[in-house]
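Notes follow once the structure below has been shown.
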Amino acid sequence: MKAYVIVVFLAVTTARIYGQMDEDAMSRPEREETRGPVAKTETNSAGSFRPGSGTVIVAELSDSLDARKAKVGDQVKCEVVQDLVYKGSVIIPHGAKVLGHVSEATRSTKEQPQSRLGLVFERIVLKDKRELPFQYPAVITAVAAPIKRTTGPTTQMNDLPVQMEKGRTTGGAAIDAVGANANLAGANMRLPGSGAIGASNRGVIGIKGLALENTASGMTVIVSAKGDVKLVFETQMVLQVTDPSHK
């Protein structure tokens, strides 16, 4: 009987200890508050990471935009092109989606030649479908033309799309592979692009006739003095999460 009582007591005590540990683990936020490039980061009630005020993201438009066709409320999608790293960890990886909407769209007319296009972004969607809502809206701080991608002749082995024979990885095998596809040698291959912008860029870069204008509400609007604002596919943008009270 005494042995039975001791076993029951230990089982109950162990259950209480592990139960408390589980409660403590559930009560802790998934990520601690970060500063610097993701300043004032916080977690919501579900424990999800929220990029805070000061977070800067470099992205490319997933679709073209035209102020003549755009309507307030239309969804806008971008793709993150540079990993956002903090303390050695990738906070927001490239390839993630940035979702927002059109906040203002004014077409150019004879009476009013100026065209305006406002874009505001609210959240990140990761490849695993998890959503990271921004602590505050993200506004545009820079706009640039798409990265210039060119092709040119090359004889570099690692640039040639040759298929090696299974199990053969030597230099001689590579030469044999090129020999079997002589038309590849010196062919035009895709070269590294140029004109990529970074988080420190500001204003409009490489697009004539456009300017960025700050509004009284702390947002930004892309303005064309004459003609409609048009942003082509893969237009580069720098987005920054901004606290409206600090405009």
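Everything numeric here is computed off the predicted structure, so don't read it as measured data.
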Ignoring hydrogens, what is the shortest heavy-atom contact between Gly198 and Val238? Give both atom names and the distance. O-CG2, 3.3 Å

Pair Asp228 + Arg68, salt bridge at N-O below 4.0 Å: yes

How about Leu119 and Leu65: do any of their side-chain heavy atoms sit closer than 4.5 Å? yes

Show the numbers, then the answer: is there a side chain to side chain contact (heavy atoms under 4.5 Å, CB included) between His101 and Asp74? CA-CA 5 Å; His101 69 277; Asp74 285 352; over 6 Å; no

Pair His94-Glu79, side chain to side chain donor-acceptor pair (under 3.5 Å): steps then yes or no: CA-CA 7 Å; His94 71 278; Glu79 182 173 317; over 6 Å; no

Same cluster or not: Val58 versus Val120, using hydrophobic residues (I, L, V, M, F, W, Y) connected whenever any side-chain heavy atoms lie under 4.5 Å apart? no

Heavy-atom donor-acceptor pair, Glu122 side chain to Val98 backbone, under 3.5 Å: no

d(Asp63 CG, Lys77 NZ) to nearest 0.5 Å is 7.5 Å

Under a 4.5 Å side-chain heavy-atom rule over Ile, Leu, Val, Met, Phe, Trp and Tyr, are Leu126 and Val76 clustered together? yes

Using a 4.5 Å cut-off on heavy atoms from C-beta on, say whether the side chain of Ser108 contacts that of Lys226. no

Step-by-step side chain to side chain contact (heavy atoms under 4.5 Å, CB included) determination, Glu234 to Ile147: CA-CA 8 Å; Glu234 291 187 340; Ile147 296 174; over 6 Å; no

Supply the atom-to-atom distance Lys127 NZ to Lys97 NZ, rounded to the nearest 0.5 angstrom. 9.0 Å

Nearest 0.5 Å please: distance from the CG atom of Asp66 over to the NZ atom of Lys230. 5.0 Å

Return the minimal non-hydrogen interatomic distance between Cys78 and Met237, and the atom names on each side. SG-CE, 3.2 Å

Is a side-chain donor or acceptor of Glu131 paired with a backbone partner of Val125 at a separation under 3.5 angstrom? no

Can you list the steps and then say if Val229 with Leu210 is a side chain to side chain contact (heavy atoms under 4.5 Å, CB included)? CA-CA 7 Å; Val229 176; Leu210 297 186; 4.2 Å; yes

Answer yes if Ile57 and Leu231 sit in the same cluster of Ile, Leu, Val, Met, Phe, Trp and Tyr residues linked by side chain heavy atoms under 4.5 Å apart, and no otherwise. yes

If you compare all heavy atoms of Ile207 against all heavy atoms of Ala144, which two are closest, and at what distance to 0.1 Å? CD1-C, 3.7 Å

What I'd like to find out is whether the side chain of Thr55 reaches to under 4.5 Å of the side chain of Gln240, using heavy atoms alone. no

Are Val232 and Ile205 connected in the hydrophobic side-chain network, where two residues link if heavy atoms are under 4.5 Å apart? no

Are Val204 and Leu61 joined in one hydrophobic group, where the rule is that I, L, V, M, F, W and Y side chains link up if heavy atoms are under 4.5 Å apart? yes

If you compare all heavy atoms of Arg116 against all heavy atoms of Ala67, which two are closest, and at what distance to 0.1 Å? O-CB, 4.0 Å

Walk me through whether Phe121 and Ile140 qualify under side chain to side chain contact (heavy atoms under 4.5 Å, CB included). CA-CA 9 Å; Phe121 296 86; Ile140 299 172; 4.3 Å; yes

Between the side chains of Arg130 and Asp128, is the shortest nitrogen-to-carboxylate-oxygen separation below 4.0 Å, so that they form an ion pair? yes

Less than 4.5 Å apart, any side-chain heavy atom of Leu132 and any of Arg123? no

Does any non-hydrogen side-chain atom of Thr242 lie less than 4.5 Å from one of Tyr136? no

Less than 4.5 Å apart, any side-chain heavy atom of Thr220 and any of Thr215? no

Measure the CG-CE distance between Asn214 and Met219 for me, rounded to the nearest 0.5 Å. 10.0 Å

Measuring from atom OG1 of Thr141 to atom CG of Leu239, what distance do you get when rounded to the nearest 0.5 angstrom? 7.0 Å

Could you tell me if the side chain of Val143 sits less than 4.5 Å from the side chain of Thr235, heavy atoms only? yes

Counting C-beta onward and ignoring hydrogens, is there a side-chain heavy-atom pair between Gln114 and Thr106 closer than 4.5 Å? no

On a heavy-atom basis, the closest approach of Leu117 and Ala105 is CD1-CB, 4.3 Å

Please round to the nearest 0.5 Å and tell me the distance separating atom CZ of Phe134 and atom CD1 of Ile124. 4.0 Å

Check whether Ser115 reaches the backbone of Ser224 with its side chain - one donor and one acceptor, N or O, closer than 3.5 Å. no

Closest non-hydrogen atom pair between Leu99 and Gln75, with its separation: CD1-NE2, 4.2 Å

